[in-house]
Amino acid sequence: MPILNHTRRFLVEQLADKINQMVIGSDGTQATADDGGARTLAKITPTVRIIDDQTILVEGRFGTTYSFDAADVQEVMLQYKDATTGQFLPIYRTDIRGITKSTQNEIRITLLIEVN
């Protein structure tokens, strides 16, 4: 029996409420369901919107103030970080083709997450 639409919407809302950090990192290894973190280069608070009963849109911008000479950006991770304890829960990670980030460019990341 499939999950009911009201429950799916509840799960989407709960997940959207928990995404409060977007992390870019330098680890280019293949992303898996068991990932637990990132080789962090920078973190921002992304914009999170619910598109419909099963889709979340997450957007982040790393502007010209960010520059990484030692490593290319090779991963994006979304996580929940508890402000009181500092504990974090990885939610989503993907590896990407390397991007050189300097003060001469910006990186805009848009992710659609579908909850089935």
Side-chain angles (χ1 to χ4, degrees):
M1 181 170 138
I3 191 168
L4 299 176
N5 290 335
H6 299 293
T7 304
R8 180 176 294 133
R9 177 62 184 218
F10 175 77
L11 293 172
V12 165
E13 290 171 356
Q14 295 299 308
L15 183 58
D17 284 344
K18 294 297 182 199
I19 297 171
N20 62 8
Q21 278 193 345
M22 179 181 281
V23 180
I24 55 174
S26 60
D27 184 359
T29 60
Q30 184 175 356
T32 70
D34 295 321
D35 279 332
R39 289 198 184 137
T40 302
L41 293 172
K43 300 176 190 176
I44 60 167
T45 301
T47 302
V48 180
R49 291 187 323 200
I50 296 174
I51 300 297
D52 59 30
D53 287 343
Q54 63 187 37
T55 311
I56 301 169
L57 175 69
V58 183
E59 297 178 302
R61 179 181 163 270
F62 294 85
T64 56
T65 58
Y66 295 92
S67 178
F68 314 109
D69 294 331
D72 285 349
V73 175
Q74 295 183 351
E75 67 180 322
V76 177
M77 189 175 88
L78 302 177
Q79 66 184 15
Y80 164 69
K81 183 169 182 183
D82 187 316
T84 57
T85 66
Q87 298 279 334
F88 71 92
L89 172 68
I91 294 173
Y92 173 85
R93 179 184 172 266
T94 188
D95 54 289
I96 60 174
R97 182 177 301 161
I99 300 170
T100 301
K101 177 67 184 88
S102 70
T103 57
Q104 302 301 310
N105 63 355
E106 72 176 21
I107 298 175
R108 290 180 184 244
I109 299 167
T110 302
L111 301 169
L112 282 172
I113 300 173
E114 186 176 72
V115 179
N116 286 322

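Just so we're clear, the structure is a prediction, and the values are computed from it rather than from any experiment.
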Task: Taking every non-hydrogen atom, the tightest pair across Ser67 and Thr103 - done: CB-CG2, 3.8 Å

Open item on the list: As an exercise, state the distance from CZ of Phe68 to CD1 of Ile107, rounded to the nearest 0.5 Å.
Closed with: 7.0 Å

Open item on the list: Does Glu114, at its CD atom, have more than 12 non-hydrogen atoms belonging to other residues, nucleotides or ligands within less than 6.0 Å?
Closed with: yes

TODO: Check whether any side-chain heavy atom of Leu78 sits under 4.5 Å from a side-chain heavy atom of Ile113, and report yes or no.
DONE: yes

- [ ] With the side chain counted from C-beta on, respond yes when Thr55 and Leu112 share a heavy-atom pair under 4.5 Å apart, and no when they do not.
- [x] yes

Task: Distance (rounded to the nearest 0.5 Å) between Asp53 CG and His6 NE2 - done: 9.0 Å

TODO: Assess whether atom CD of Gln87 is packed by more than 12 heavy atoms of other residues, nucleotides or ligands within 6.0 Å.
DONE: no

TODO: Report yes or no: do Leu89 and Val115 belong to one cluster of Ile/Leu/Val/Met/Phe/Trp/Tyr joined by side chain heavy-atom distances under 4.5 Å?
DONE: yes

Task: Closest contact, heavy atoms only, Pro46 versus Ile19 - done: CG-CG2, 4.2 Å

Task: Cluster overlap Leu57 with Met22, hydrophobic side-chain contacts below 4.5 Å - done: no

Open item on the list: Tell me whether Lys101 forms a cation-pi arrangement with Tyr66, defined as NZ or CZ under 6.0 Å from the six-membered ring centre and within 45 degrees of its axis.
Closed with: no

Open item on the list: Is there a side chain to side chain contact (heavy atoms under 4.5 Å, CB included) between Val48 and Ile56? Walk through the geometry before answering.
Closed with: CA-CA 7 Å; Val48 180; Ile56 301 169; 3.7 Å; yes

TODO: Can you measure from OG1 (Thr40) to CD (Gln79) and round to the nearest 0.5 angstrom?
DONE: 7.0 Å

- [ ] Heavy atoms only: give me the nearest Gly63-Glu106 pair and the separation to one decimal.
- [x] CA-CB, 3.8 Å

Open item on the list: Could you check whether any side-chain heavy atom of Ile109 comes within less than 4.5 Å of a side-chain heavy atom of Ile24, counting everything from C-beta outward?
Closed with: yes

Open item on the list: Nearest 0.5 Å, please: how far is OG1 in Thr94 from CD in Gln74?
Closed with: 12.0 Å

TODO: Consider only side-chain heavy atoms of I, L, V, M, F, W and Y, link residues closer than 4.5 Å, and tell whether Tyr92 and Leu41 are in one cluster.
DONE: yes

Open item on the list: Let me check something: do Val12 and Leu111 share a hydrophobic cluster, defined by ILVMFWY side-chain heavy atoms less than 4.5 Å apart, either directly or through other members?
Closed with: yes

Open item on the list: I need the minimum non-hydrogen distance between Tyr80 and Ile91, along with the two atoms involved.
Closed with: N-CD1, 3.8 Å

Open item on the list: For the backbone of Ser102 and the side chain of Asn105, can you confirm whether one donor and one acceptor N or O come within less than 3.5 Å of each other?
Closed with: yes

Open item on the list: Quick check: closest heavy atoms across Ile44 and Arg61, and the distance to 0.1 Å?
Closed with: CD1-N, 3.4 Å

- [ ] Could you tell me which non-hydrogen atom of Ser26 sits nearest to which non-hydrogen atom of Glu75, and how far apart they are?
- [x] N-OE2, 3.6 Å

Task: Rounded distance (nearest 0.5 Å) linking atom CZ of Arg8 with atom CD of Gln54 - done: 5.0 Å

Open item on the list: Does Ile50 form a side chain to side chain contact (heavy atoms under 4.5 Å, CB included) with Arg9? I'd like the steps, not just the answer.
Closed with: CA-CA 9 Å; Ile50 296 174; Arg9 177 62 184 218; 3.6 Å; yes

